[in-house]
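First up is the structure itself, then whatever we jot down about it.
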Amino acid sequence: MADELRTATCCCGDVSITVRGEPHHVHGCHCHYCQRRTGSVWQVSCWYFDHEIEEVNGETRVYVGHPDLTNALEDSAAQGQRPSIDYHFCVRCGSTVYWKIPMSAEMMGGEAVVATAIAVGCFADRDFPVPLSDHYVCNRHPWLEGLEFEHMFEELPTPDDLAAGKM
Ligand SMILES: [Zn+2]
Ligand SMILES: [Zn+2]
């Protein structure tokens with residue numbers, strides 16, 4: 001439903017973000033940075049834009065990290081070329097609920113924007129829309145083989161993939 005409201009919440013409940021409408025770019029990533037950042041073997045997130053964000057609550061601290069677009073610890077050359085991402089985590093429980101990603105006009109194939117990515121797990125909703133794509137499949141744990149989405153990327157989607165809506 002176009003106007004559906006969904007709320008993502010940290011595990012202690014202090015931090016939440018409520019968004020309107022269907023998510024953009026629901027995707028997974030198996031890069032080692034995402035694995036370490038989440039403590040999980042695989043991160044799944046979605047994007048919303050400013051006009052779709054209804055409400056944000058709770059005190060966060062920000063970790064200015066490398067994009068989840070690189071295997072950051074292994075790829076320092078790529079780090080320098082990419083903008084940093086502000087990861088917002090709950091000051092009480094530490095859950096990273098959402099993060100702000102500056103996207104250049106080139107990456108968006110239009111205007112530069114700041115996307116708000118939200119951890120799909122924080123919605124705790126098994127009916128949340130299924131990911132369209134999966135990134136860094138090269139790092140996927142072997143026991144996750146068989147998990148297939150419409151667009152599977154060995155590493156990253158290109159700006160052209162993004163502009164074509166494949167991410
Ligand atoms: Zn919390
Ligand atoms: Zn990643």
Side-chain angles (χ1 to χ4, degrees), residues 6-19 23-48 53 55-104 107-108 114-125 128-145 147-159 161-162 166-167:
R6 293 183 172 93
T7 299
T9 308
C10 67
C11 69
C12 81
D14 280 2
V15 172
S16 65
I17 180 168
T18 298
V19 288
H24 310 274
H25 301 308
V26 184
H27 71 275
C29 185
H30 305 264
C31 84
H32 289 161
Y33 177 75
C34 288
Q35 290 186 22
R36 290 192 167 101
R37 186 180 65 72
T38 60
S40 178
V41 295
W42 182 50
Q43 78 97 3
V44 182
S45 55
C46 63
W47 287 15
Y48 281 88
I53 297 172
E55 201 176 331
V56 183
N57 288 303
E59 185 185 353
T60 60
R61 279 192 65 192
V62 173
Y63 167 62
V64 181
H66 301 294
D68 69 347
L69 301 177
T70 69
N71 270 347
L73 291 177
E74 293 139 29
D75 190 357
S76 56
Q79 287 174 25
Q81 297 164 8
R82 296 185 184 279
S84 57
I85 293 179
D86 288 350
Y87 292 93
H88 288 254
F89 60 93
C90 172
V91 295
R92 184 168 168 224
C93 73
S95 299
T96 301
V97 179
Y98 60 94
W99 50 103
K100 301 283 185 178
I101 308 177
M103 298 298 297
S104 67
M107 287 291 282
M108 294 304 290
V114 177
T116 298
I118 304 176
V120 168
C122 290
F123 290 98
D125 173 8
F128 197 86
V130 172
L132 182 69
S133 72
D134 210 11
H135 305 170
Y136 273 95
V137 174
C138 59
N139 287 343
R140 181 165 65 172
H141 285 58
W143 43 268
L144 287 172
E145 268 173 34
L147 197 63
E148 296 292 332
F149 302 103
E150 200 169 323
H151 302 290
M152 303 294 285
F153 297 102
E154 270 307 295
E155 293 189 355
L156 290 173
T158 64
D161 291 322
L162 184 60
K166 291 182 179 174
M167 189 181 129

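For ligands, and for the atoms within them, numbers begin at 1 and follow the listed sequence. Atoms considered below: every heavy atom in the structure, side chains included; atoms not considered: hydrogens, waters and symmetry mates. This chain uses plain numbering: 1 for the first residue, then up along the sequence.
At least one donor-acceptor pair under 3.5 Å links the side chain of Arg140 to the backbone N or O of Leu147.
For the Zn ion (ligand 2), the set of nearby N, O or S atoms under 2.8 Å includes one belonging to Cys31. His30 lies apart from the Zn ion (ligand 2) in this respect, since none of its N, O or S atoms is found at a distance under 2.8 Å. The Zn ion (ligand 2) has an N, O or S atom of Cys29 under 2.8 Å away, backbone or side chain. In summary, no N, O or S atom of Cys11 is located under 2.8 Å from the Zn ion (ligand 1).
When all heavy atoms of His30 and Asn139 are compared, the pair lying nearest together is O-CB, 3.1 Å. Heavy-atom minimum distance, Val97 versus Cys122: CA-SG, 4.0 Å.
Between the SG atom of Cys90 and the SG atom of Cys10, the angle centred on the Zn ion (ligand 1) amounts to 110° when rounded to 10°.
You'll find the side chain of His151 stays beyond 4.5 Å of the side chain of His135, heavy atoms only. Counting only heavy atoms from C-beta outward, the side chains of Met103 and Trp47 approach each other to under 4.5 Å.
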